[in-house]
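Ligands are counted one by one from 1 in listed order, and the atoms in each one are counted from 1 as well. Heavy atoms only: backbone and side chains are in, while hydrogens, waters and symmetry mates are out.
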Amino acid sequence: MDIRGFPTSLPEFQRVFPDDAACAHYLETMRWPDGFSCPKCGLIGEPYRFATRSSVVLRCRGCKANTSLTAGTVMQSSHTPLSTWFWGAYLMTTQVPGQSAVQFQRQLALSRYETAFQILHKLRAGMVRPERDAIGGEHPVEVDECLIGGQTRGEGRGTHHKSIVVGAVEVRSRTDDGKKRTRRVYAGRLRLRVVPDRSADALTGFVKDNVAHGSVMRTDGWTGYPGLPEMGYRHEAWILGGDPDKAEAHLPMIHLVFSNLKTWIKGTHHSRIEPKHLQAYLNEYVFRFNRRFYPMTSFHSVLGISARTVPPTYAQLYSGDWEHAA
Ligand SMILES: [Zn+2]
C-alpha cells in the first residue's frame, strides 16, 4: 500500500477488494464519507441493505426510496459484478502496457468477449477530462507525427490504412538537490491525436487545442508548422533532412513516446486496432502516461467515481459512433 492508501500489488488489491460487498462498501464510503443520507428525503441514518443480492442499492428507512451506488459512475445499469469493474480499472490503470480485451476476458474468466471489450472501452471513455489544461507554458514542447498500424500486404507500397498520429510532449527538467547540480530531463504531460492528413490546418489545429500560448515549440522542418509564430508560439524548427540521428537529438522525447506507443500497440494489441477505435486507445495511452505518478486518481476517474461522465452505450461504442474526445 502506498502513502495515498492505494494498493500497489495484486495480493494487496485482493485484500482491499475481496468481493462485491467490499467494492460496494468502498463506493458508499466515497459518496457518503460521513454516513448515508437519503438523496430523496434527506434522512440521515443507516439504510436498509439487501443481504440476498449484490448490495448495489441502499433503501432509505424513512421514505423507502432506493439509491443506486453506481448511479453517475461508469458502472451504472451494468449487470457485471462490481469486483469485475474494479479489477478492470485496477489492471488498466496500473499495468504499464495496459491489456487487451482478450487478456482481460481470460484473466477474469468472463464468458463473453463482448463483456470484456465493453468494460475496457467504457473505462477508456472516462480517461479524458473535458476541462483538461493546455500543456507547455514554462516547459518547452516537442511536436511530431508518426504513422500507426495498417496492413499493406498485397497492396503495394504506400500508407494504405495507416493512421497519422500527431503528438506533443512537455520537456521538463529538474535540478538534483545533490552536490552535482546535474540537470535531468524527463517527459512531462503528453497529448496525442489522430489527424486526417499532415496539412497545416490539422497540425496547427492540434497545437492550438493542446499547447498553451507562448510556449516554446520544437518541431522538425515539416511545412505543416510554419504558422506557429503568428499563432503566438516561439518556434524552434529543425530541418532534419531525413537524418535519424539528428532527429533523435532535436526531438528525443516525442520519438521515445512514439517508439513506446508502437511497441504497446504491437505487443499488447497485436497491431489489431481498427482506425475508428484508435483515438480511444491513444486516450488510454495518454491517460496512463500522464498519471503514472497518481494511481489512485486514475482508478477513481476511470470508474467515474469522482469525475461524473455520461457513460456511452454498448451500441455507440461498438459502432465507433461514440466521440472519444481528442
Ligand atoms: Zn429517504
### Message
Can you tell me which residue among H250, E142, E145, H235 is in a side-chain hydrogen bond (donor to acceptor under 3.5 Å, both in side chains) with T219?
### Response
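The single option meeting the side-chain hydrogen bond (donor to acceptor under 3.5 Å, both in side chains) with T219 is H235.
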### Task
Verify, without hydrogens or angle tests, whether S298 (side chain) and T93 (backbone) share a donor-acceptor contact under 3.5 angstrom.
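No.
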### Task
Kindly say whether I265 contributes a backbone atom to a donor-acceptor pair with the side chain of Y285 at under 3.5 angstrom?
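No, Y285 side chain to I265 backbone: no donor-acceptor pair under 3.5 Å.
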### Distance-only donor-acceptor check, side chains S199 and D201, under 3.5 Å
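No, D201 and S199 have no side-chain donor paired with an acceptor closer than 3.5 Å.
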### Task
Show all protein N/O/S atoms under 2.8 Å from the Zn ion (ligand 1), or state that there are none.
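Listed by chain and number: C38 SG, C41 SG, C60 SG, C63 SG.
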### Message
Considering only residues two or more places apart or on different chains, which pairs with a residue in residues 257-268 satisfy salt bridge (charged side-chain N to carboxylate O under 4.0 Å, His left out)?
### Response
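For residues 257-268, and leaving out neighbouring residues, there are no salt bridge (charged side-chain N to carboxylate O under 4.0 Å, His left out) pairs at all.
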### Message
Classify the ring geometry of Y26 against F86: parallel below 30°, tilted from 30° to 60°, perpendicular beyond 60°.
### Response
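Rings of Y26 and F86: perpendicular, as their planes differ by over 60°.
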